[in-house]
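One-based numbering, in listed order, for ligands and for the atoms of each. Remember, predicted model here, so these are calculated numbers, not experimental data.
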Amino acid sequence: MIASPSLSSFRRIVIKVGSSLLVDSKKGALKRAWLEALADDVAALHARGCDVLIVSSGSIALGRSVLKLPHRQLKLEDSQAAAAVGQIALAGTWAEVLGAKSITAGQILVTLNDTEERRRYLNARETIERLLALRAVPVINENDTIATTEIRYGDNDRLAARVATMASADLLILLSDIDGLYDAPPNENPDAQLIPVVPRITREIEAMAGGAGSELSRGGMRTKVEAARIATSAGTHMIIADGRISNPVSRIADGGRCTWFLTPSNPVTARKKWISGSLELRGSVTLDDGAVRALRSGRSLLPAGVTKITGSFARGDCVAILDAQDTEVGRGLVAYDAGEAAQLAGRNSRDIEDVLGAPGRAEMIHRDDMVLKGE
Ligand code: GLU
């Protein structure tokens, strides 16, 4: 049997918490004691220097009871209204329980476009990165109040997987009302066996995922396996674990029952592969020799070393990085639109505000958004 990794080896972890864990469906209130215990788990990870991000569901479940909406499938406008009401209490409670452990929480509400459109993807990624650098814990949910059917995830399993890839997390933990993936539906088949490690998502694994979730949560096992596909192909390991118990994350660390979905890669390698291979080039930036040397020694690309811009790219697009002889030395996601980049070429980063009339990023292409030939 393939061994599962140890929780202590991870440095950036996304924890997804489902609605049914957080919200007592009879009382329509948050399960405060459970949440406080989870905050202890988060604090333990945080204290050893790990970056933690939380993807929390529950706004609709909370809001619907405050607004006294019926216990059946809600109409879109009702779930939007419920989310508007519930999200206040949800984020407030996270801020309180984490605050009690001296951890600052920061709320981020995302829509599908924020993760799928490159310009906005870069913005969300930078915000997350900054919050983590400031040692805050981002608490993330879908912006259900403005998300309509065409532009929504609808389930936080896949949303959490995209957040994990966007943040280059090395582990995603889905806390659920089931302790892992079974080889048959456990509620129908008493002989169903839990699968502790999934080295690769095969058709057989997908077939085991079946359908349906619980009353409160949207995602069943199917969206969890889809999340695992998104995460593992971006170099992130994923766990499905039982969240109904107290301190569920420390239970995993102690070897508790769960399913691991393993990735053969890691977030940095997978991101480099994505940038170098699967993105269409929208233009190029040409550098002087000094800038090429700086990139090779591991630095970001600053506007000062840029001599020419071609193409009509937008912020977040992938561009070729050329040397003075027009040879491609690498590729990267550019932080400025082509027009702005042309204005900034050759200028010192200190002048960015003067040139553009507004403050901007010091780097034209950040080191983490770039892959050089041979890397
Ligand atoms: N974003 C939804 C909420 O907070 C939950 C989606 C899900 O249950 O996966 O209510």
- Task: Would you kindly say whether R162 and T165 are connected by a side-chain donor-acceptor distance under 3.5 Å?
- Result: yes

- Which bit of N141 gets closer than 4.0 Å to ligand 1, counting heavy atoms only: side chain, backbone, both or neither? side chain

- Under 4.0 Å between a Lys/Arg side-chain N and an Asp/Glu carboxylate O for E226 and R222? no

- Task: Answer with side chain, backbone, both or neither: which part of S59 has a heavy atom less than 4.0 angstrom from an atom of ligand 1?
- Result: both

- Message: Looking at ligand 1, is there an atom of it that comes within less than 4.0 Å of some heavy atom belonging to A83?
- Response: no

- Salt bridge check: are R125 and D369 linked by an N-O gap of less than 4.0 Å? yes

- Query: Do V97 and R32 touch side chain to side chain, with heavy atoms closer than 4.5 Å?
  - Reply: yes

- Message: Looking at E126 and R315, is there a salt bridge between them, counting it only when a charged N and a carboxylate O are closer than 4.0 Å?
- Response: yes

- Task: For G154, counting its heavy atoms only, list the atoms of ligand 1 lying under 4.0 Å from any of them.
- Result: 6 (C)

- Note on the structure: Per-atom filter on ligand 1: closer than 4.0 angstrom to a heavy atom of S19 are 8 (O)

- Message: Using a 3.5 Å cut-off on N or O atoms only, is D155 in polar contact with ligand 1?
- Response: no

- By number and element, which atoms of ligand 1 are closer than 4.0 Å to a non-hydrogen atom of I60? 3 (C), 10 (O)

- Query: Between D144 and ligand 1, which part of the residue brings a heavy atom under 4.0 Å of the ligand: side chain, backbone, both or neither?
  - Reply: side chain

- Item | Check: T310/S284 side-chain N/O donor and acceptor closer than 3.5 Å | yes

